[in-house]
Amino acid sequence: MPELPEVETIARFLREGGRGQPPLVGARAAGVEVLWERTIAAPSPAGFAARLPGAVLETVGRRGKFLWMAWDAAGFLVVHLRMSGDLVVVPPGEAPPKHSRWLIRFDDGRTLAFDNPRKFGRTWLVPDLQMVVGHLGPEPLDSALTPADFHARLQRHRRQVKPLLMTQTFLAGLGNIYTDEALHRAGVHPQTRAHCLSPVQAARLLEAIRAVLQEGLAMNGASIDWMYRGGGFQNAFRVYHRAGEPCLTCGTPIERIIVGQRSTHFCPRCQSLMKCEV
DNA sequence: CCTGAAACCTGTCTGC
DNA sequence: TGCAGACAGGTTTCAG
């Protein structure tokens, strides 16, 4: 379940607790089990399992779609959920999820499980967080990113805007759902060439990106299929997964096309493809 | 630089 | 019921 709002929701839960569960921050790791070795990107699975026991979880944060956990004596545990990952706190005595790829046992009896049916997720244990997230573009919600900066960054690319927005070195955190929603909100066709967007359109697009992310965050992200954390954003989709249904703005049927190999949903009337000479 | 295809994986749903 | 095919919130690598 992994775009920025979903990852942030998980980080928030580990940090602060919720739904009757206490925070995980403050707990001490007792043991580690690696159930699918290829999920550990660095160090070796054995090194990963050996370094954590005895360490106390101090902080949990997010950068782009990466979730990180800082430990008092073991550095940073960094997780990328990819398509189907989730981090689950299992109460004492309960069984971890069926598709758990690693488990961290805590000395209070709880277990942190990395649930990941499609094995795409990756985990790192590193001394410096930047070793994993250093290549990422700016955080979309960081006010240091101004509309003028955003426009200047768009000007550097001739690509279709949708795949560009999903490129994590360009902007960190957007995925297929929030990109489609933001483009609709901004009235921008997903295949518009990035450098063709005017300063006004760029500002409107940045504003739309922030609005959909904030809306997702306020609803604890989106819950689809087998992944459920109580998120509600799936009930607020305006275009995603709504092919054939009327646009909530103008009533025109939403279309579904493939852009950059990803399923793409848009309103052909609200998001017409404008001419661009340059 | 840009695009598309393929690979990495398992599960669910649809249609015959 | 069985089975094939499409599809899924992501990223990387490679060919053209």
Side-chain angles (χ1 to χ4, degrees), chain A residues 1-11 35-42 62-67 78-87 97-101 114-124 132-137 140 153-183 190-196 209 212-213 215-217 219-244 256-265 276 278:
Chain A
M1 40 185 300
E3 294 183 46
L4 186 156
E6 289 75 29
V7 178
E8 183 66 39
T9 297
I10 295 172
L35 278 18
W36 176 256
E37 297 208 338
R38 290 170 60 184
T39 211
I40 312 297
R62 176 198 60 76
R63 174 77 170 94
K65 299 175 193 173
F66 291 83
L67 181 145
V78 190
V79 181
H80 197 301
L81 275 17
R82 296 282 179 97
M83 292 286 270
S84 62
D86 197 1
L87 288 168
K98 181 179 171 188
H99 299 292
S100 296
R101 305 308 178 193
F114 179 40
D115 185 26
N116 189 212
R118 290 175 77 181
K119 299 181 177 174
F120 290 167
R122 290 294 177 267
T123 305
W124 297 256
V132 180
V133 304
H135 66 290
L136 294 174
R153 291 176 69 82
L154 288 166
Q155 287 293 111
R156 287 184 217 131
H157 301 272
R158 307 181 70 84
R159 286 223 269 162
Q160 301 179 119
V161 67
K162 167 164 177 179
L164 181 61
L165 291 176
M166 292 176 64
T167 299
Q168 302 300 299
T169 48
F170 179 78
L171 192 66
L174 288 186
N176 209 32
I177 293 179
Y178 290 89
T179 303
D180 278 5
E181 295 295 325
L183 288 168
Q191 290 175 303
T192 308
R193 299 286 157 176
H195 71 285
C196 293
I209 289 166
V212 296
L213 290 175
E215 193 178 356
L217 284 167
M219 302 181 92
N220 293 316
S223 305
I224 297 180
D225 298 338
W226 61 91
M227 318 246 268
Y228 187 75
R229 300 186 73 81
F233 188 62
Q234 67 281 3
N235 299 315
F237 292 164
R238 300 194 193 188
V239 285
Y240 186 79
H241 248 320
R242 293 195 63 244
R256 175 179 177 277
I257 60 175
I258 302 297
V259 179
Q261 301 185 84
R262 304 303 299 276
S263 176
T264 299
H265 315 75
C276 171
V278 193

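Per chain, numbering begins at 1; letters A, B, ... match sequence-line order.
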Bracket notation of DNA chain C in which parentheses pair within the strand, [ ] cross earlier pairs, and | pairs with another strand (Watson-Crick or G-U, under 3.5 Å) = .|||||||.|||||||

What do you reckon, do A/F120 and the base of B/dC8 stack, with centroid distance below 5.5 Å and planes below 30°?
-> yes

Within this structure, what is the [atom1]-to-[atom2] distance between [X] and [N], rounded to whole angstrom?
{"X": "A/M166", "N": "B/dG4", "atom1": "CE", "atom2": "P", "answer": "14 Å"}
{"X": "A/Q191", "N": "B/dG4", "atom1": "CD", "atom2": "C1'", "answer": "13 Å"}
{"X": "A/L174", "N": "C/dG10", "atom1": "CG", "atom2": "P", "answer": "10 Å"}
{"X": "A/R242", "N": "C/dG9", "atom1": "CZ", "atom2": "P", "answer": "17 Å"}

With heavy-atom distances below 4.5 Å as the criterion, would you say the side chains of [X] and [Y] are in contact?
{"X": "A/F66", "Y": "A/V79", "result": "no"}
{"X": "A/L217", "Y": "A/F233", "result": "no"}
{"X": "A/L183", "Y": "A/T192", "result": "no"}
{"X": "A/V212", "Y": "A/T179", "result": "no"}
{"X": "A/N116", "Y": "A/H99", "result": "no"}
{"X": "A/D180", "Y": "A/T264", "result": "yes"}

Report the nucleotide, chosen from [options], that has the shortest atom-to-atom distance to any side-chain atom of [X].
{"X": "A/R118", "options": "B/dT3, B/dC2, B/dC9", "value": "B/dC9"}
{"X": "A/R256", "options": "C/dA8, C/dG9, B/dG4", "value": "C/dA8"}
{"X": "A/R159", "options": "C/dG9, B/dC2, C/dG10", "value": "B/dC2"}
{"X": "A/H99", "options": "B/dC9, B/dG11, C/dG9", "value": "B/dG11"}
{"X": "A/Q160", "options": "C/dG9, C/dC7, B/dG4", "value": "B/dG4"}

For [N], take OP1 and OP2 only and decide whether either is under 4.0 Å from a side-chain N or O of [X].
{"X": "A/H80", "N": "C/dT11", "result": "yes"}
{"X": "A/K65", "N": "C/dG9", "result": "no"}
{"X": "A/K119", "N": "B/dT10", "result": "yes"}
{"X": "A/Y178", "N": "C/dG9", "result": "no"}
{"X": "A/R262", "N": "B/dT3", "result": "no"}
{"X": "A/S84", "N": "B/dG11", "result": "no"}
{"X": "A/Q168", "N": "C/dG10", "result": "no"}

Euclidean distance for [atom1], [N] against [M] (whole angstrom):
{"N": "B/dA6", "M": "C/dA6", "atom1": "P", "result": "13 Å"}
{"N": "B/dT3", "M": "C/dG9", "atom1": "C1'", "result": "23 Å"}
{"N": "B/dG11", "M": "C/dT11", "atom1": "P", "result": "22 Å"}

Which residues satisfy the side-chain hydrogen bond (donor to acceptor under 3.5 Å, both in side chains) test with A/Q191, sequence neighbours excluded?
->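 Testing A/Q191 for side-chain hydrogen bond (donor to acceptor under 3.5 Å, both in side chains), a comparison that skips the adjacent residues, returns A/Q160.
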
May I ask you to say what A/R38 touches in the nucleic acid, namely base, sugar-phosphate or nothing, with a heavy-atom cut-off under 4.0 Å?
-> sugar-phosphate

Scan A/R156 against the nucleic acid and name what it touches under 4.0 Å (heavy atoms): base, sugar-phosphate only, or nothing.
->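 No contact.
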
Can you check whether A/H265 and A/F237 have ring centres sitting under 6.0 Å from each other?
-> no

